Amino acid sequence: MSAQLRALAAETCFQVVDQGKSLSDVLPKAQQKLSSAPDKALLQEICFGVMRTLPQLETVCQQLMSKPLIKQLRPLQFLIYVGIYQLQFMRIPDHAAISETVEAARSLKGQSLTKLINGVLRNVQRQPALFDFSAASDAVKFNHPGWIIAALQQAYPEQWQEVLSANQQKAPLWLRVNQQQISPEVFVAELAQAEIACNQPLSYLPVAVKLEQARDVTALPGYEAGWFSVQDGAAQHAALLLNAQPGDTVLDACCAPGGKTCHILEQTSAITLTALDRDAKRLERVYHNLERLKLTARVVAADILDTDSWWQGELFDRILLDVPCSATGVIRRHPDIRWLRKKSDIAPLVALQQQILQQAWQLLKPGGTLLYATCSILPAENSEQISSFLAQQGDAELLPIAVAGNATTWQILPGEQDLDGFFFALLHKKTMA
């Protein structure tokens, strides 16, 4: 089983880096091939770790191999990375890490390479100086692609290293209490009864509960009863800032997988909410979340840019616009983003965001509010996007964000208050005379 686990880790990492597949897509499929929860957790830890330290693993290999493995042997190259990661960063005994990794090569049709793999791992074991990266490039030192490092250096000249360091940390498990089913106080008491340590670090947002240790959420008290959802504390600010009131008509314009949709309804169910997303498959998660949490919304599979296909003509009081973005604020939670996202992706994303923002604005009532949100930390998608919109839209103005010290836009950087990176701008549509 241990050898199989390592082979699955190698195949998973190969599919992400070489084939451009998302870790959130391929990892669950690999975990299904394992029977025990500890093995599934170990597989995730190894895959996440390889994604976080890939440049350093590659650099070590370059010093020990004349050339990397190519073509059909590439999964075995990632198996070597899996072995090195275990030796350097995990508490697995060296002999077990080496023997199981070498054995895994056989199931990856790498019988002829077992001596090579064993030799590389033995050299890693004997030469700790291989991990001295003091003279290496920033991309290797910080385990991020150069374009992301350059973008952060320009945007955050005093904080860029802190952001990169935060991206290397394991993200905490944040929960959001469903106030329609249970109060935060009672839920926290239930966790304490089950000897699950937690805290509520955001005093103004008591529904945000952070666990001291990660857990299987389906085994937590009240999961099936819809007492809570998993949602990072940063994302939980969306419903708070949107502040839907009883009687409002609300649009969640890019809603999948539905976390913010449900939070809006949990705050006040006396609203009419349309949850819109163009990806019908991802909407399955929205339906599931609404059902588990015992909430109701109009769910529509359509593109906000194609209003003829879904819009019924009624303007909305409030619109949540959590637009598609680079996701550079959630790298600590999704470490593969740094290898899947390319510099060339940003300009098309900015153009799409601009289109969506302009279209959504036409659906907002005069006097209404629109919350623009991203899980990006790149100014082009955030502050610069909003500045450009305000320059074009005479009936738009920014509202102060109280929890951000009345700032008119709010950029949360990864790791601040142990939150993901997120951006918010609250726009008011002026009533023109």
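Keep in mind that this is a model prediction, so the values were computed, not measured.
- Shown here for A166 and P414, the closest heavy-atom pair between the two residues is CB-O, 3.3 Å.
- How far CD1 of I377 is from CG of N167: 6.0 Å, rounded to the nearest 0.5 Å.
- Sparse packing is recorded around CZ of R285, with 12 or fewer heavy atoms of other residues, nucleotides or ligands lying under 6.0 Å away.
- The two residues S326 and S376 make their nearest non-hydrogen contact at OG-OG, 3.3 Å.
- Heavy-atom contacts from other residues, nucleotides or ligands closer than 6.0 Å to CD of E291 number 12 or fewer.
- Going from atom OG1 of T101 over to atom CG of L121 covers 6.0 Å, rounded to the nearest 0.5 Å.
- Between K40 and D216, none of the side-chain N atoms (NZ, or NE/NH1/NH2) sits under 4.0 Å from a carboxylate O, so this pair counts as no salt bridge.
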Give every donor-acceptor pair under 3.5 Å between a side-chain atom in residues 57-68 and any protein atom, sequence neighbours left out.
residue : atom : partner : partner atom : Å
T59     : OG1  : P55     : O            : 2.8
Q63     : NE2  : T59     : O            : 3.4

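- Contact of the F78 side chain with the L108 side chain is not registered, since no non-hydrogen atoms from C-beta on lie closer than 4.5 Å.
- By the 30° and 60° cut-offs, the orientation of the rings of F228 relative to F187 is tilted.
- There is no side-chain donor-acceptor pair under 3.5 Å between Q236 and R176.
- Within a 6.0 Å radius of NZ in K430, more than 12 heavy atoms belonging to other residues, nucleotides or ligands are found.
- In this structure, K29 contributes its side chain and T12 its backbone to no donor-acceptor pair below 3.5 Å.
- Between L173 and V230, the closest side-chain pair of non-hydrogen atoms falls below 4.5 Å.
- A salt bridge is defined here as a Lys NZ or Arg NE, NH1 or NH2 lying under 4.0 Å from an Asp or Glu carboxylate O, and K365 with D248 fails to meet this definition.
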Practice prompt. Give the C-alpha distance, both sets of side-chain angles, the deciding distance and a yes or no for side-chain contact (heavy atoms from CB on, under 4.5 Å) between E416 and Q411.
Written response: CA-CA 10 Å; E416 289 183 6; Q411 178 69 74; over 6 Å; no

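- Between the side chain of D277 and the main chain of L283, no donor-acceptor pair closer than 3.5 Å is present.
- For the residue pair V350 and E381, the shortest heavy atom distance occurs at CG2-CG, 4.0 Å.
- The shortest heavy-atom contact between A256 and R282 is O-NH2, 3.3 Å.
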Worksheet item: Could you go step by step and tell me if L43 and L27 meet the side-chain contact (heavy atoms from CB on, under 4.5 Å) rule?
Response: CA-CA 8 Å; L43 176 61; L27 179 58; 3.9 Å; yes

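- With hydrogens and angles ignored, the 3.5 Å screen pairs a side-chain donor or acceptor of K429 with a backbone N or O of L364.
- Side-chain contact between M51 and C47: absent, with no pair of heavy atoms (C-beta onward) separated by less than 4.5 Å.
- Within the structure, the ring pair (Phe, Tyr, Trp, His ring centres under 6.0 Å) test picks out the following pairs touching residues 318-370 (sequence neighbours left out): W361-F389.
- Using cut-offs of 30° and 60° for the angle between ring planes, the W410 and F424 rings count as tilted.
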Discussion item. Set out, in order, the CA-CA distance, both residues' side-chain angles and the distance that settles side-chain contact (heavy atoms from CB on, under 4.5 Å) for L241 and T369, then state yes or no.
Written reply: CA-CA 10 Å; L241 299 181; T369 53; over 6 Å; no

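- Here CG of L164 is found 11.5 Å from CD of Q159. Values are rounded to the nearest 0.5 Å.
- Using modelled atom types, one finds no donor on one side chain facing an acceptor on the other under 3.5 Å when comparing S388 with E384.
- Side-chain atoms of Q180 come within 3.5 Å of backbone N or O of E266 as a donor-acceptor pair.
- The CZ atom of R52 sits 11.5 Å away from atom CD1 of I331, with the distance rounded to the nearest 0.5 Å.
- Listed for the R74 side chain is no donor-acceptor partner under 3.5 Å among the backbone atoms of F14.
- With hydrogens and angles disregarded, a donor-acceptor distance shorter than 3.5 Å links the side chain of T249 to the backbone of D317.
- Within the 4.5 Å cutoff, the side chain of C255 has no heavy atoms near those of the K260 side chain.
- Atom-to-atom distance recorded for C13:SG and D336:CG is 9.5 Å, nearest 0.5 angstrom.
- When atom types are taken as modelled, the side chain of N382 and the backbone of T374 share no donor-acceptor pair closer than 3.5 angstrom.
- W174 and P201 make their closest contact through CH2-CG, 3.4 Å (heavy atoms, listed as atom of the first residue, atom of the second, distance).
- Residues F48 and L23 meet the side-chain proximity criterion, which asks for heavy atoms closer than 4.5 Å.
- Considering only heavy atoms from C-beta on, Q19 stays 4.5 Å or farther from V26 through its side chain.
- When the shell of 6.0 Å around CD of E397 is examined, it contains more than 12 heavy atoms from other residues, nucleotides or ligands.
- The shortest heavy-atom contact between P221 and I196 is CD-CD1, 4.0 Å.
- For the residue pair S383 / T409, no side-chain donor-acceptor distance below 3.5 Å is found, with atom types taken as modelled.
- Using a distance-only test at 3.5 Å, with no hydrogens or angles considered, a donor-acceptor pair links the side chain of Q56 to the main chain of V140.
- L211 is listed as a side-chain neighbour of L220, based on a closest heavy-atom distance under 4.5 Å.
- Side-chain contact check for V250 versus T274: every heavy-atom pair is 4.5 Å or farther apart.
- Salt bridge annotation for D345-R341: present, with a cationic side-chain nitrogen under 4.0 angstrom from a carboxylate oxygen.
- Taking the six-membered ring for Trp and thresholds of 30 and 60 degrees, Y204 and H237 have ring planes inclined between 30 and 60 degrees apart.
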Discussion item. Evaluate L42 against L34 for side-chain contact (heavy atoms from CB on, under 4.5 Å), listing each step before the verdict.
Written reply: CA-CA 10 Å; L42 178 58; L34 300 170; over 6 Å; no

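- In the displayed structure, Q362 atom CD is contacted under 6.0 Å by more than 12 heavy atoms of other residues, nucleotides or ligands.
- Using modelled atom types, one side-chain atom of Q77 and one backbone atom of L69 make a donor-acceptor pair closer than 3.5 Å.
- The number of heavy-atom neighbours closer than 6.0 Å to CZ of R292, taken from other residues, nucleotides and ligands shown, is above 12.
- How far CG of L315 is from CG of L251: 11.0 Å, rounded to the nearest 0.5 Å.
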Worksheet item: After noting the C-alpha distance and the side-chain angles of D232 and R332, does the key distance pass the salt bridge (charged side-chain N to carboxylate O under 4.0 Å, His left out) rule?
Response: CA-CA 12 Å; D232 186 81; R332 66 174 189 166; 3.4 Å; yes

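- Distance alone, capped at 3.5 Å, is enough to place a donor-acceptor pair between the Q353 side chain and the P324 backbone.
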